[in-house]
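Remarks on the structure that follows.
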Amino acid sequence: MATSDTVITDELAIEIARLGLVRESSDVATLHRVTQLAARAVTGCAGATSLRWSTGGAPEPLTVASSHPDLAELVDLQLARGEGPIFDAVRSRRPVSCDDALAETRWPGHVAAMLRRGVRCFTTTVHEYDQVLITLTVYGVVPGALDPRQQALASLLLAQGGAAVSNTHQFDDVHRTAVQLQQAVEARAVVDQAKGILMHALGCDAERAFAELRRISQTRHVKLTAIAQRIVSGQGLPDDPPPGRDEAERA
């Protein structure tokens, strides 16, 4: 006789823990792993779908993953209509479930589509953490197959998946900032070297040398850092731009 207690094997525990790691992966890859784990580990679950949603204003799907093409079609139908159980769950921030699609009176169009694909029950769980909003829907092919006591595991998978998405986005933001700071430091170093060269060549101070760099940049329509790089590398300055019509007429 099957038990309703959630059993997490060592292998499953390791895979769940890995979901929360920061790695070079996309949102859709993380959500895909969540759906695959749910389909394998949640008792009574025959398949799963997961979505990442916008957190401001009306809910908008940002990323979608599914463990089976038929379930992806069920999600697409809801997204096309802008309504259905996943929208209800996101708007209320509460779980939404159906024990038997044959007895379900909500979402008639969606229920008919589920029955055509052999789905008889489902539960949608919502997780929101650090500007990341994710839903996980698990589906069963037998009425009442999804014991509510098994939803703790689905919630755990969803929480770990949400943490992975949040951590990845934070890592990307920090990495992007670090790259920008490094580029700024390198650009400043090149400009300082070019100033030193001009100070020696013109016999002027740093302020006058920088003013000269800026003048050349403006008159020749070339970025100041590019001008500095040419001076430092010994490539010489770019040619003056051709005169405009007014300058040509004056000449």
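All residue numbers in this chain count up from 1 along the given sequence. From a predicted model like this one, the values you see are computed outputs, not experimental measurements. Hydrogens, waters and symmetry mates play no part in the numbers below; they use all other heavy atoms, side chains included.
In this structure F122 satisfies the ring pair (Phe, Tyr, Trp, His ring centres under 6.0 Å) test together with W107, sequence neighbours excluded. The side-chain hydrogen bond (donor to acceptor under 3.5 Å, both in side chains) search around R106 returns E104, not counting sequence neighbours. For E60, there are no salt bridge (Lys or Arg N to Asp or Glu O under 4.0 Å) partners two or more places apart in sequence or in a different chain. Under the side-chain hydrogen bond (donor to acceptor under 3.5 Å, both in side chains) criterion, D99 pairs with no residue at all, not counting sequence neighbours. Judged as a ring pair (Phe, Tyr, Trp, His ring centres under 6.0 Å), and not counting sequence neighbours, the contacts of F87 are W53.
For the pair R120/L115, a side-chain contact is recorded, criterion being any heavy-atom separation below 4.5 Å from C-beta on. Taking 4.5 Å as the limit, some side-chain heavy atom of P85 sits within range of a side-chain heavy atom of Q78. Contact of the D205 side chain with the R208 side chain is registered, since non-hydrogen atoms from C-beta on lie closer than 4.5 Å. Using a 4.5 Å cut-off on side-chain heavy atoms (C-beta onward), S217 and V222 make no contact. Side-chain contact between V64 and T49 is absent, with no heavy-atom pair separated by less than 4.5 Å. With a 4.5 Å cut-off on side-chain heavy atoms, I134 and L31 count as touching.
One hydrophobic cluster, built from ILVMFWY side chains closer than 4.5 Å, cannot hold both L62 and L51; they sit in different ones. In the hydrophobic clustering of this structure, L102 groups with Y139; members are Ile, Leu, Val, Met, Phe, Trp, Tyr whose side-chain heavy atoms approach within less than 4.5 Å, directly or through other members. Note on I197 and F210: same hydrophobic cluster, where clusters join Ile, Leu, Val, Met, Phe, Trp and Tyr whose side-chain heavy atoms are under 4.5 Å apart, directly or indirectly. Using a 4.5 Å cut-off between side-chain heavy atoms of Ile, Leu, Val, Met, Phe, Trp and Tyr, with links allowed through other members, L224 and V232 fall into the same hydrophobic cluster.
The nearest pair of heavy atoms linking H110 to L74 is CE1-O, 3.9 Å. In this structure, V126 and R94 approach most closely via the heavy-atom pair CG2-O, 3.9 Å. Closest approach of A145 and C121 over heavy atoms only: N-SG, 3.7 Å. Residues H32 and A65 approach most closely at N-CB, 3.6 Å, considering heavy atoms. For the pair S67 and G47, the tightest heavy-atom approach, listed with the atom from each and the gap, is OG-CA, 3.3 Å. Residues A72 and S66 share a closest heavy-atom pair of N-OG, 3.3 Å.
Here the CZ atom belonging to R33 is positioned 11.5 Å from the OG atom belonging to S50, to the nearest 0.5 angstrom. Distance CD1/I86 to OG1/T125: 13.0 Å, rounded to 0.5 Å. Annotation: the span from M114 atom CE to L71 atom CG amounts to 10.5 Å, rounded to 0.5 Å. In this structure, the separation between CD on E207 and NZ on K195 is 9.5 Å, given to the nearest 0.5 Å. From I227, atom CD1 reaches atom CZ of R220 across 6.5 Å, with rounding to the nearest 0.5 Å.
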Should L198 and I231 be marked as a side chain to side chain contact (heavy atoms under 4.5 Å, CB included) after you check the CA-CA gap, both sets of side-chain angles, and the distance that decides it? CA-CA 9 Å; L198 288 179; I231 292 174; 4.3 Å; yes
Please walk me through it: do L133 and R52 pass side chain to side chain contact (heavy atoms under 4.5 Å, CB included)? CA-CA 6 Å; L133 177 63; R52 182 184 174 217; over 6 Å; no
Determine whether T124 and T137 satisfy the following criterion, side chain to side chain donor-acceptor pair (under 3.5 Å), listing intermediate values before the conclusion. CA-CA 4 Å; T124 298; T137 303; 2.8 Å; yes
Could you go through V119 and V141, starting from their C-alpha distance and side-chain angles, then the distance that decides it, and tell me whether this counts as side chain to side chain contact (heavy atoms under 4.5 Å, CB included)? CA-CA 5 Å; V119 175; V141 296; 5.7 Å; no
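Counting only residues at least two apart or on different chains, the salt bridge (charged side-chain N to carboxylate O under 4.0 Å, His left out) pairs with a member in residues 71-91 are E73-R117.
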